[in-house]
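Below you'll find the structure, written out as structure tokens, and then a few comments.
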Amino acid sequence: MDPLSERHHMTEKPDITALVTARMCHDLASPIGAVGNGVELVELAGKTLGQEGELVKASVSAAAAKLKLFRIAYGQFHSEEILHAAEISAVQTAWNITGRIQVDFALQEIPKTDMKIYLLILQSIQVAMPQGAKVVVKITEGRKIVHAVGAKVTYDETLWSALTNQDIAPNIQPTMCNLQSCRRSMCR
């Protein structure tokens, strides 16, 4: 077996996009963590952060949360890797920090590959529901359900039909890329 295959035993073929994404997340985590540590040291020294410091602290938390989500949404996993309740809760917390969409993962455990699909769907919901939404992700009687409720839905027939049709709609515009990626993942 060649060294590349040994290092990337997660799947039969390495997913270059997933590997690059993982590397980018890894490279960004260090400087973001360093800024967070700096803020923490200022607080430990008993100094007040002020509005600017609080903004930096909130931004560091949001950036770290997004990196966690990107690692799952765009990373590479073996189909047998499972997220358990504590990890699902961390993903939920990370998601809820980062945007207008508030999600409740009503799940005890889930394959990482399924969570990847759910995160891609949530990114699509962010685009489709620009004023925010409450989303529940659950499995009921073996059916995977994503239920979203929001004030406004931007409905595009071509975009949404991509979720239900076996043939991908041919005229998908660049703004529809998130949902298109999701559809490809769901159809595999």
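Predicted model only: the values in this text are computed from it and were never measured. In this chain, numbering begins with 1 at the start of the sequence shown. Atoms considered below: every heavy atom in the structure, side chains included; atoms not considered: hydrogens, waters and symmetry mates.
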Check the pair Asp114, Lys144 against side chain to side chain contact (heavy atoms under 4.5 Å, CB included), reporting the backbone distance first and the verdict last. CA-CA 10 Å; Asp114 285 359; Lys144 297 173 184 172; 2.9 Å; yes
Looking at [X] and [Y], what are the two nearest heavy atoms and their distance?
{"X": "Met129", "Y": "Gly150", "answer": "CE-N, 3.4 Å"}
{"X": "Ile101", "Y": "Leu122", "answer": "CG2-CD2, 4.4 Å"}
{"X": "Gln126", "Y": "Arg100", "answer": "O-NH2, 3.5 Å"}
{"X": "Phe77", "Y": "Arg71", "answer": "CZ-O, 3.5 Å"}
{"X": "Tyr118", "Y": "Lys138", "answer": "OH-O, 4.3 Å"}
{"X": "Ala64", "Y": "Ile32", "answer": "N-CG2, 4.1 Å"}

Between the main-chain N or O of Ala85 and the side-chain N or O of Ser89, is there a donor-acceptor pair closer than 3.5 Å? no
Hey, does the side chain of Gln92 reach the backbone of Phe105 with a donor-acceptor pair shorter than 3.5 angstrom? yes
Tracing side-chain contacts under 4.5 Å among Ile, Leu, Val, Met, Phe, Trp and Tyr outward from Leu55 reaches none
Residue pair Val91 / Met115, side-chain heavy-atom distance below 4.5 Å: yes
For Lys57, all residues meeting side chain to side chain donor-acceptor pair (under 3.5 Å), sequence neighbours excluded: Glu43
Can you get from [X] to [Y] by hopping between Ile, Leu, Val, Met, Phe, Trp and Tyr side chains that sit under 4.5 Å apart?
{"X": "Val60", "Y": "Val42", "value": "yes"}
{"X": "Leu28", "Y": "Val39", "value": "yes"}
{"X": "Ile145", "Y": "Ile125", "value": "no"}
{"X": "Leu119", "Y": "Ile139", "value": "yes"}
{"X": "Leu120", "Y": "Phe70", "value": "yes"}

Can you tell me how far [atom2] of [Y] sits from [atom1] of [X], rounded to the nearest 0.5 angstrom?
{"X": "Ile82", "Y": "Gln108", "atom1": "CD1", "atom2": "CD", "answer": "13.0 Å"}
{"X": "Ile16", "Y": "Thr21", "atom1": "CD1", "atom2": "OG1", "answer": "11.0 Å"}
{"X": "Ile110", "Y": "Glu81", "atom1": "CD1", "atom2": "CD", "answer": "13.5 Å"}
{"X": "Glu54", "Y": "Glu52", "atom1": "CD", "atom2": "CD", "answer": "10.0 Å"}
{"X": "Leu83", "Y": "Lys112", "atom1": "CG", "atom2": "NZ", "answer": "5.5 Å"}
{"X": "Lys116", "Y": "Leu69", "atom1": "NZ", "atom2": "CG", "answer": "13.5 Å"}

Step-by-step side chain to side chain contact (heavy atoms under 4.5 Å, CB included) determination, Trp95 to Gln123: CA-CA 10 Å; Trp95 182 273; Gln123 288 178 342; 4.1 Å; yes
Considering the options Ile121, Ile117, Val103, which one meets the side chain to side chain contact (heavy atoms under 4.5 Å, CB included) requirement together with Val146? Ile121
Sequence-distant partners of Arg143, salt bridge (charged side-chain N to carboxylate O under 4.0 Å, His left out), two or more places apart: none
Before you tell me yes or no, could you show the steps for Gln76 and Leu19 under side chain to side chain contact (heavy atoms under 4.5 Å, CB included), namely the whole-Å CA-CA distance, both residues' side-chain angles and the distance that decides it to 0.1 Å? CA-CA 7 Å; Gln76 182 174 2; Leu19 294 173; 3.8 Å; yes
Apply side chain to side chain contact (heavy atoms under 4.5 Å, CB included) to the pair Val35 and Val56, showing each step before the final yes or no. CA-CA 8 Å; Val35 172; Val56 170; 3.8 Å; yes
